[in-house]
Amino acid sequence: MFSMDAPASLAPVRTPFQPGIFQRLATNAPRYTSYPTADRLHADFGAGQWEAALRACGQQASQPLSLYVHIPFCESICYYCACNKVVTRHHERAQPYLDALEREMAMQAALLGERRPVSQLHFGGGTPTFLSDDQLARLMASLRQHFDLQPQAELSIEIDPRTIDETRLRALAQMGFNRLSFGVQDFDPDVQQAVHRVQPFEAVRDLMRTARGLGFASINVDLIYGLPKQTASSFARTIGQVAGLRPDRIALYAYAHLPTRFKPQRRIDSQALPDGAARVALLSAAIEGFQDMGYVYIGMDHFALPEDSLAQARRDGSLHRNFQGYSTQPDRDLLVLGVSAISHVGAVYSQNHKTLDAYYAALEAGGLPVERGLACSADDLWRRRIIMDIMCRGELDLAAYAAERGLPVAQAFAQELEDLQPLQALGLLRLTPDWLEVTAQGWFFVRAVAMVFDAHLRCNRVADRYSRLA
């Protein structure tokens with residue numbers, strides 16, 4: 001647990017947040033959990049190309065894998081949700097899904113080579129705890145059959161506090177899970193009613209205390225700002241309540257209201273949503289509040305206690321980023337199982353079918369359930385490293401990257417250097433002839449810097465498909 005008497009080397013450096021910059025950067029931007037971004041995947045890519053990528057990965061295996069398992073089921077709908085989900089109270093629907101997961105798992109593991117080592121495993125959703133303890137245990141046994149879950153692996157699962165009690169927490173610990181992510185979003189009762197997700201603070205508090213007592217190594221809490229009926233005062237209470245629970249990590253996401261794309265959001269009263277200025281004020285209050293309470297701002301939507309490994313990675317420059325956000329793990333190949341799953345192996349991305357029917361049909365036909373994908377070009381891979389340097393380390397050796405192309409910096413990055421000037425004028429970065437450095441203030445707006453180097457976005461500036469900077 002964090003102590004206000006933490007060693008000086010761990011004491012967080014507090015950076016004042018200047019919300020007024022958002023008015024100068026009123027734009028949408030990718031989150032860069034990958035590059036190219038997932039919207040660049042295309043249907044010309046098929047299962048055969050993904051199979052070839054997995055075989056190649058198996059032949060060149062060295063680093064452990066990261067695994068992600070998508071469980072799409074939820075008992076009830078949260079109106080803000082934009083995830084791929086299946087809302088049902090019929091738990092028997094999970095049985096054919098488990099069968100399909102095991103089939104996909106066996107096929108992909110065989111292509112990779114049996115029992116590949118795994119250093120990171122995450123169950124997400126949907127609601128993974130929609131599955132019974134027996135079903136979760138069965139799934140973990142199948143994973144251990146096909147992969148080598150290493151002794152020090154991070155094994156995490158997202159939990160809905162409304163579906164969990166002490167008995168279930170004990171069962172998760174016995175299965176080997178050592179990290180939990182609590183879906184909270186907001187503790188205010190009016191906000192919870194407005195988004196159809198009622199879970200009292202006391203229930204979450206008691207579950208978190210129980211999880212600590214059971215020895216879970218890390219606890220994360222997910223929050224959302226920009227929800228209906230959120231006010232500065234109500235969200236300040238939530239910030240204080242969450243910080244008082246001392247989760248190791250906090251993820252703070254911006255709500256994107258897109259009711260034409262996500263039907264559940266049509267149940268949200270748009271008149272009750274905070275306007276642009278109020279959203280920025282909510283974000284500002286959260287950043288200031290969590291920093292005041294001893295948390296390190298990792299970047300984008302992540303905060304961590306100073307002694308957490310994520311904060312350590314931020315300090316020593318070993319931070320990484322993948323489809324789950326910031327991570328301490330190196331840039332592992334990521335294998336994702338389940339409906340709509342997006343995997344990343346080497347220079348190749350692949351996404352599964354987004355509906356259960358299509359997912360099941362592909363597997364029953366004897367093939368992998370690939371809907372679309374992308375084989376990165378040499379330029380994609382070059383820019384992927386550039387963007388991840390910016391997103392994870394906040395710096396870029398322009399000269400080194402230009403040298404890879406046999407060009408001077410001014411020629412290799414001619415358009416980028418021009419587009420960086422307004423950001424430098426705002427104090428978000430410092431440029432020398434050979435180097436780019438994101439400032440402490442610029443770290444709050446780091447994806448605005450990264451997007452300057454996005455060649456796909458430059459060619460096709462359809463920005464409304466991405467979330468706003470605030």
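- Taking CD1 of I386 as the reference point, atom CD of E404 lies at 7.5 Å (rounded to 0.5 Å).
- Distance CD1/I219 to CG/N178: 11.5 Å, rounded to 0.5 Å.
- Side-chain polar atoms of Y68 and N322 form no donor-acceptor pair below 3.5 angstrom.
- Counting heavy atoms from C-beta outward, D454 and P30 have side chains that approach closer than 4.5 Å.
- Here D419 pairs with R458 in a salt bridge; the nearest charged N to carboxylate O distance falls below 4.0 Å.
- Q312 has its side chain out of reach of S318: every pair of non-hydrogen atoms, C-beta onward, lies at least 4.5 Å apart.
- Scanning for side-chain hydrogen bond (donor to acceptor under 3.5 Å, both in side chains) contacts around N84 gives S340, with sequence neighbours left out.
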* To do: With side-chain hydrogen bond (donor to acceptor under 3.5 Å, both in side chains) as the test, would you mind laying out the steps for S309 and R249 before giving the verdict?
  => CA-CA 10 Å; S309 58; R249 300 176 184 178; 3.0 Å; yes

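- The CH2 atom of W50 sits 6.5 Å away from the CZ atom of F45 when rounded to the nearest 0.5 Å.
- Below 30°, between 30° and 60°, or above 60°: for Y35 and H456 the angle between ring planes is between 30° and 60°, a tilted geometry.
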* To do: Go through F216 and F177 one step at a time and tell me if the ring-ring contact (aromatic ring centres under 6.0 Å, His included) criterion holds.
  => CA-CA 8 Å; F216 283 92; F177 289 103; 8.2 Å; no

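- A distance of 11.0 Å separates CZ in R385 from CG in D397, rounded to the nearest 0.5 Å.
- Counting heavy atoms from C-beta outward, V221 and L245 have side chains that stay 4.5 Å or more apart.
- If you check the side chains of D186 and Y225, you find no donor sitting under 3.5 Å from an acceptor.
- With a 6.0 Å cutoff to the six-membered ring centre and a 45° limit on the axis angle, R430 does not count as a cation-pi contact of W435.
- The minimum heavy-atom distance between H146 and A109, with the atom names listed, is CB-CB, 3.9 Å.
- Of all non-hydrogen atoms in A29 and R447, the two that sit nearest each other are O-NH1, 2.6 Å.
- With 3.5 Å as the limit, one finds no donor-acceptor pair spanning the side chains of E154 and H122.
- A salt bridge links D379 with R405: the distance from a Lys NZ or Arg NE/NH1/NH2 to an Asp or Glu carboxylate oxygen falls below 4.0 Å.
- When side chains are defined from C-beta on, Y401 does not count as touching L407, because their heavy atoms never get closer than 4.5 Å.
- Panel note: side chain Q230, backbone V191; no donor-acceptor pair is recorded below 3.5 Å.
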* Passes side-chain hydrogen bond (donor to acceptor under 3.5 Å, both in side chains), D39 versus T37? Steps please. -> CA-CA 6 Å; D39 57 300; T37 51; 2.6 Å; yes

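- Checked by atom type and distance alone, the side chain of R179 never pairs as donor or acceptor with a backbone atom of S218 at under 3.5 Å.
- Under the 3.5 Å distance criterion, with hydrogens and angles disregarded, no donor-acceptor pair is assigned to the side chains of H320 and S327.
- Not counting sequence neighbours, the partners of T33 by the side-chain contact (heavy atoms from CB on, under 4.5 Å) test are R321, F323.
- Taking all atoms of both residues into account, the shortest heavy-atom contact from L54 to L335 is CD2-CD1, 4.2 Å.
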* I would like to know whether T129 and T127 meet side-chain hydrogen bond (donor to acceptor under 3.5 Å, both in side chains); could you show each step before the answer? => CA-CA 5 Å; T129 47; T127 306; 5.8 Å; no

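- With rounding to the nearest 0.5 angstrom, the CG atom of L227 is 13.5 Å from the OH atom of Y79.
- Of all heavy-atom pairs between I268 and P228, the closest is CG2-CG, 3.9 Å.
- In this pair, H257 and Y255 present their aromatic rings tilted. The plane angle is within the 30 to 60° band.
- For the pair H196 (side chain) and I77 (backbone), a donor-acceptor distance under 3.5 Å is present.
- Ring orientation note: the planes of Y295 and F290 are nearly perpendicular, at an angle over 60° on the 30°/60° scale.
- Close placement of the F444 and Y297 rings is indicated, their centers lying within 6.0 Å of each other.
- In this structure, CG on L121 lies 12.0 Å from CD on Q150, to the nearest 0.5 angstrom.
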* Walk me through it: do K229 and D188 pass the test salt bridge (Lys or Arg N to Asp or Glu O under 4.0 Å)? => CA-CA 9 Å; K229 298 193 176 181; D188 184 81; over 6 Å; no

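- The side-chain heavy atoms of L143 and M105, taken from C-beta on, include a pair separated by under 4.5 Å.
- No donor-acceptor pair under 3.5 Å is formed between the side chain of E418 and the backbone N or O of A414.
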* Trace of the salt bridge (Lys or Arg N to Asp or Glu O under 4.0 Å) decision for R383 with E416 -> CA-CA 12 Å; R383 290 180 182 277; E416 287 85 355; 3.1 Å; yes

* To do: Starting from the C-alpha separation in whole Å, work towards a yes-or-no answer on side-chain hydrogen bond (donor to acceptor under 3.5 Å, both in side chains) for Q192 and R197.
  => CA-CA 5 Å; Q192 291 183 354; R197 189 186 178 101; over 6 Å; no

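- Between P161 and Q199 the shortest heavy-atom distance is CD-OE1, 3.5 Å.
- Between T328 and D308 the shortest side-chain heavy-atom distance does not fall below 4.5 Å.
- Side-chain atoms of R332 never come within 3.5 Å of backbone atoms of L65 as a donor-acceptor pair (strictly under, hydrogens ignored).
- Distance alone, capped at 3.5 Å, places no donor-acceptor pair between the Q60 side chain and the C57 backbone.
- In this structure E104 satisfies the side-chain hydrogen bond (donor to acceptor under 3.5 Å, both in side chains) test together with Q108, N352, Y359, sequence neighbours excluded.
- The side-chain heavy atoms of V438 and L428, taken from C-beta on, include no pair separated by under 4.5 Å.
- Using a 4.5 Å cut-off on side-chain heavy atoms (C-beta onward), Q18 and F445 make no contact.
- If you check the side chains of S66 and Q329, you find no donor sitting under 3.5 Å from an acceptor.
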